[in-house]
Number of protein chains: 2
Amino acid sequence: MQQRGTFQLMKSVNKSIILNKIRIAEPISRAQIAKETSLTPPTVSSIVKELLEEGLVRESQLGESSGGRKPTMLHINSGAFYVIGVDAGPETVEGVLTDLTGEILQRAKQKLEKPLNNEKFIDILKDNIRHNLAAPGIDQTKIIGIGIAMHGVVDVETGMSLVAPNLNLKNVPIKQELEKEFNIAIKVENDARAMALGESWFGGHGEADSMVAVNIGRGVGAGVVMNGKLYHGAQGIAGEFGHMTIDLNGSICECGNPGCLQTFVSGASIAERARSRMGEGAPSTGQEVYELAQEGHAASIKLLQETGRIIGIGLINLVHLINPRKIVLGGGVMKSEAFLMPAILETIRQRALTPKARQTSISVTRLGEDATLLGAVALLLVEMFDPI
Amino acid sequence: MQQRGTFQLMKSVNKSIILNKIRIAEPISRAQIAKETSLTPPTVSSIVKELLEEGLVRESQLGESSGGRKPTMLHINSGAFYVIGVDAGPETVEGVLTDLTGEILQRAKQKLEKPLNNEKFIDILKDNIRHNLAAPGIDQTKIIGIGIAMHGVVDVETGMSLVAPNLNLKNVPIKQELEKEFNIAIKVENDARAMALGESWFGGHGEADSMVAVNIGRGVGAGVVMNGKLYHGAQGIAGEFGHMTIDLNGSICECGNPGCLQTFVSGASIAERARSRMGEGAPSTGQEVYELAQEGHAASIKLLQETGRIIGIGLINLVHLINPRKIVLGGGVMKSEAFLMPAILETIRQRALTPKARQTSISVTRLGEDATLLGAVALLLVEMFDPI
DNA sequence: ATCCCATAGATAATAAATTAAATTAACTAA
DNA sequence: TTAGTTAATTTAATTTATTATCTATGGGAT
């Protein structure tokens, strides 16, 4: 049954409003919070008092007065708690320890030597996490949980990795194993979705009500964030952007269907098209295509521009269906941003059905590789900051 | 700023939970409501008391006892208020007067004689509405508002029809004009979206958390319903399903882009493909293709099956992106349900990325033409039943 | 029939949390 | 030094759900 109206609801709604206000607008005074949220000053004071007691928020020296008492500024108490985030990609496992503001305090990275099996993989995860758990100068009891951004298909409820194609693994009970080992909160999510959450929380997008982050690299994935939370859909598969059919007669994708967006714009697909067009001496990876383009190689530049056009077509489908306020692009392929973006933006401009559709903000992530790691961290922060 | 935690919030959340419970599960007793919503009996009693006083709910004779006092059953008091819904389509204006349960009490229908202009169109709307306002035996003061399902692009905020291609009208200030004339609440919405809402409220889908309704007829439109409310997206254009690119090299759509879904599956597109394939004596409308197929005409059957396959491809894109619990199909083209559905379902089965994706329920509307009209009605009911 | 128990619903007292109004605190300007 | 302004807290009033208790009513066992 749905969330009913109780005093706890009322309070936790307000608490979360205030906490998020502080997170997004710090430093900020109580009075300012009251103004901007239209909560009354006593409500703000009493909730802030609790937040101070819980250690989630701290006060700092007074701010500037504009003809009256100086305001006491409030901040997220970044050192009150810590979170571990792990990005388990197709080739490496990378982990970070961060504070509550997403500041990275320590990193750990390992290669995934193949062939793997479930036990080996879990062991590598554990090693990685142990390193960050034992960070010098950090009180272990202050670490509130571990978020895992896992490549492949994930069941969020059970925290199980169902299929991880590039690792050649199936049904890895990540959450179960890690909970047993570390006895701490564990969240597991698909990596593209985690990236979306990371972007939404730490990408400097303010309080955007809806955002889609698209990762274009080895594959193409997307995550949909609404009101600061991941949207999963009824069966938890929303955002499978890479396998959107955009060409009825396109070539067959690894998923078995013809004409998926991914068959045009993933790194491997770009390389493949280069091969089929340029023949002998063609670049053999997306990276090489990019390097050639940078050197002014006309065919490579054209290839990337075409790729941008097709990404644009995929995005306009997204705009017309989901109509998010922002779309953020990331992943290896987006390193060719300089060649892709003009074509992407032009395609969207051309194809938008209405002038309003053109208002969707399209940008490239400024977080780079860390978006996914920070997203893994945000999996825990969401619970802390938005406990409804 | 976002909805904050207040006493009104707490109460209206509970009121709406109870009212909707009664709407969906009537007849139902107070005790049963308490059980199913996990609200306490006194809370239920006190809110039900208010609803009885407001006339929104009525009691009926006692239900069956199972070893104790007989329960008093509660119902929506259908005759307490009335709503007018209008479907302003490309060729006709049809209006209904309904009670709170969507029971249609009276209808009015007019042809739209072309050429039209804004004044003529508004006059026809007014005439239509006047007829239903003056329904015999209905207390006019009990009519709470008028919902308009308008063909074309609508600005929901201002209640303005921005573009109505098949009527050749632009910038018709529907809400403004009707409010001036009738001095009553007016809601204006795009017709495909209204249909989605109607389907969600009156299609017998229970409390589906998310639903997409797709109208395939002259054009192809869709509406997305989440938690009983229409999802508009950031710029109010979410659900533009018909103009999803599914074929990079497809023919040019009326919107100017190549390969829109609509260019394959709208009524006119089906007829056009018939013409290009069957040559002399080909059916000239989608309707004729259907009639031929019914008579066993092989080429027509094949054409419809192919159309079904392409609809299926469009839908699987929808499933992978939005992942709604249900998809409901309607519109003129779906009259060929018998030939389309097997191909649609088979395509979805084939192309679904995961077994879960196959769990999306796909069905054809049972409301027929009335889905849009009832959706127009529901535009008002949403406010009454879900006032948050 | 009568007693006991179970279920439905109502009432009264209590608790949680917000809001409004008043108060205290602390600063700027002139 | 005083007036005016902004910040924050305190107190009382208000709203609404909850807990506990009670009344109403019916079925089944004896």
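Naming: A, B, ... by sequence-line order, numbering from 1 per chain.
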Original post:
Once you round it to whole Å, what is the distance between P of C:dT18 and CE of B:Met10?
Top reply: 9 Å
Subject >> Nearest-nucleotide 5' precedence on DNA chain C, A:Asn14 against B:Arg30 >> reply: B:Arg30
Original post:
Heavy atoms under 4.0 Å, any strand shown: does A:Thr43 hit a base, just sugar-phosphate, or nothing?
Top reply: base
**OP:** Among the candidates D:dA17, C:dT18, D:dA8, find the nucleotide nearest to the side-chain atoms of B:Lys11.
**Re:** D:dA17
Subject >> Side-chain N,O (A:Thr72) to OP1/OP2 (D:dA8) below 4.0 Å >> reply: yes
**OP:** Just compare D:dT18, D:dA8, C:dT19 and give me whichever is closest to any side-chain atom of B:Thr6.
**Re:** C:dT19
Subject >> A:Lys70, nearest nucleotide to its side chain (from D:dA24, C:dT28, C:dT18) >> reply: C:dT28
Subject >> Beyond-backbone contact of B:Met226 with A:Tyr231, side-chain heavy atoms, under 4.5 angstrom >> reply: yes
**OP:** Give one of base, sugar-phosphate or nothing for A:Pro41, where a contact means two heavy atoms less than 4.0 Å apart.
**Re:** base
Original post:
Where the side chain of B:Ala31 is concerned, which of C:dT18, C:dG9, C:dA15 is the nearest nucleotide?
Top reply: C:dG9
**OP:** Take the protein atom CD of B:Gln8 and the nucleotide atom P of D:dT14, then report the distance between them rounded to whole Å.
**Re:** 15 Å
Original post:
Quick one: B:Lys49 NZ to D:dA17 P, roughly how many Å, whole number?
Top reply: 14 Å
Original post:
Side-chain donor or acceptor of B:Arg69 under 3.5 Å from a matching atom on the base of C:dA8?
Top reply: yes
